[in-house]
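Proteins get letters first, then strands, A, B, ... in listed order; numbering begins at 1 in each. None of the values given here were measured: they were computed from a predicted structure.
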Protein chains: 2
Amino acid sequence: MAKNIQSLERAAAMLRLLAGGERRLGLSDIASALGLAKATAHGILRTLQHEGFVEQDPDSGRYQLGAELLRLGTTYLDVHELRARALVWTDDLARSGGEAVYLGVLHLQGVLVVHHVFRPDDSRQVLEVGAMQPLHSTALGKVLSAFDPVAHAELVDAKREPFTARTVTDLDAIERDLDLIRAQGYATDAEETWEGVAALAAPIFDRHRMSVGAVGITGAVERVCRDGEPRPELIAALRDTARSVSRDLGAKPF
Amino acid sequence: MAKNIQSLERAAAMLRLLAGGERRLGLSDIASALGLAKATAHGILRTLQHEGFVEQDPDSGRYQLGAELLRLGTTYLDVHELRARALVWTDDLARSGGEAVYLGVLHLQGVLVVHHVFRPDDSRQVLEVGAMQPLHSTALGKVLSAFDPVAHAELVDAKREPFTARTVTDLDAIERDLDLIRAQGYATDAEETWEGVAALAAPIFDRHRMSVGAVGITGAVERVCRDGEPRPELIAALRDTARSVSRDLGAKPF
DNA sequence: GATAGTGTTTAGCATTGTCGAACGGCGGTA
DNA sequence: TACCGCCGTTCGACAATGCTAAACACTATC
């Protein structure tokens, strides 16, 4: 077990703490939350501020996340290979399906949205790139959990919060669902996360046939489903997209 | 001169290095680029990887930026007060003006785009939130340089690259432009950064009457300008928006 | 199969970051 | 106005911490 650099771990913990708390935090809050001496916390914060990862409100003296994080986070998207390959295909999927398309990868105990194509109409929508989705209740999360062992382990460890009356939190029931997902090659989310919203998702594989992410379609349950089941043409288009992206990543079609 | 934490500075330098280089970088590249021993660079990278700020390609062993940066960067947007206040007004400006709207803040030697409203038509556009714009040639950059002393200092220090035949790089000429901008209260960019693209921008002030950012309109020069001058109705709408956001931030209207 | 490159691990030293206490400023309250 | 409590910041000394250099596996290349 190699040991990691202490000051970096503490700095990372600070950034996560600042990301978690809604508003700005004071130095004393941060120091006590992490169990550090004020001077120690201050040294780390001063460096983070100097590097642009943290900003300090001149009036209150409180700290918040800094602009450099946004710049680097955007650069992460530019470098992301899966996202680059998926850009072409997801646009077509959104247009043909008439619904919003999401691309997600496993991150910590959830799904990180790395790409989001708006539903092709003139309604006002907010971009959800960078947002997290739970593993146990969303189509993206379930399909990752079904095909990625790491994601599965995270799903088991995570606390599975119920969001609607249809959310499945029992582990045995989830495992049965995952078996079904593995068998049929796609996952569904019928109002298990948001009321009135349904979703479909299919896995994306790399050249080693390892699951590296998932594509999903999300929309109003009335449009995505018919007679309680997801519309077959949506499933077909989604799986075609997933296969196309996988092929672009070097996955051999058997 | 307080001293900053060495390992943190080095870690930040690594992240910036990874953000700069197009593709993934190897450990030896990183170590030599920063003048560090391989083991030192490895220890920092291992910690960054463990914290999710850096990812390592299992095949090549090379490093790239990690997903946690995207998550934290998005959170930065959520906390950003200026952006939150501007959200309401920029939508209206884009609709009434018929052009794309940008919100920018000073970051390092450039303008960081923290909000971007698409031009209200059905054309395909890519979101530019998180991207950087130069100070000396864009409307957003010039208006910040005119009203924010820090931005002005950065503009003087920065190397002013010419992008088109109309780009002004001479410092004296820029200073005269800034005087004009301060006098009229808005800045223009007539094909100084991108061929065929013109932009307008106006400053946003906080409760201390300090410039904290800028709003801008960007579009094809044929639509934004008429007879070589920006359309007056666009200028009026833009300045109204800037004033509204400033008022929301607590700036007294004199 | 030798070579040159990679990323990784090890051991010891001294640099480096941590700690506790004291400092100056601000905003309350008596 | 003077007090008090809390804030963020600075100081100085100690030793734990992270750095350096060299050796280690490993893979690709020729």
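- Distances shown here put a side-chain N or O of Y63(A) below 4.0 Å from the OP1 or OP2 atom of dT9(D).
- A side-chain donor-acceptor contact under 3.5 Å links H152(A) and E175(A).
- Annotation: side chain of R71(A) is in contact with side chain of L108(B) (closest heavy-atom distance under 4.5 Å).
- Remark: H42(B) is in phosphate contact with dT8(C), judged by side-chain N or O atoms under 4.0 Å from OP1 or OP2.
- Distance noted for atom P between dT29(C) and dG25(C): 23 Å (whole Å).
- Applying the salt bridge (Lys or Arg N to Asp or Glu O under 4.0 Å) definition to pairs two or more places apart or across chains, those involving residues 131-152 of chain A are K142(A)-D177(A), K142(A)-E192(A).
- Heavy-atom distances under 4.0 Å link DNA chain C to A37(A), A39(A) of residues 28-39 of chain A, given in residue order.
- Residue contacts shown for R10(A) are limited to sugar-phosphate atoms, with no base heavy atom under 4.0 Å away.
- Atom CD1 of I5(A) is separated from atom P of dC19(D) by 4 Å (rounded to the nearest Å).
- Spacing between atom CG of D57(B) and atom P of dT8(C) amounts to 12 Å, rounded to whole angstrom units.
- Using bins of under 30°, 30° to 60° and over 60° for the plane-to-plane angle, the ring pair F205(A)/F147(A) lands in the perpendicular bin.
- Taking atom P in both dC4(D) and dG8(D), one finds a spacing of 22 Å when rounded to whole Å.
- Nucleotides dG12(D) and dA16(D) have their P atoms positioned 23 Å apart, rounded to a whole Å.
- What separates CG of L25(B) from C1' of dT6(C) is a distance of 14 Å, to the nearest Å.
- Distance noted for atom P between dG5(D) and dT9(D): 23 Å (whole Å).
- One interatomic measurement links the two molecules: CD1 of I44(A) to P of dT16(C), which rounds to 16 Å at whole-angstrom precision.
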D248(B) and W89(B): CA distance, side-chain angles, deciding distance, side chain to side chain donor-acceptor pair (under 3.5 Å) verdict: CA-CA 10 Å; D248(B) 275 9; W89(B) 304 99; 3.0 Å; yes
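- Here dG18(D) is the nucleotide among dG7(C), dG18(D), dT9(D) with the atom lying nearest to any side-chain atom of Q6(A).
- Summarising the geometry, the separation between CD on E9(B) and C1' on dC19(D) is reported as 15 Å, rounded to the nearest angstrom.
- You'll find that the side chain of Q56(A) is closest to dT9(D), out of dG17(C), dT9(C), dT9(D).
- Defined by atom type and a distance below 3.5 Å, a donor-acceptor pair is missing between the side-chain atoms of E55(B) and Y63(B).
- At a cut-off of 3.5 Å, with distance as the only test, a side-chain donor of S60(A) or D57(A) sits close to an acceptor on the other residue.
- Contact between the side-chain N/O atoms of T40(A) and the OP1/OP2 oxygens of dC19(C) is found at a separation under 4.0 Å.
- The CG atom of L27(A) sits 13 Å away from the P atom of dC19(C) (whole-angstrom rounding).
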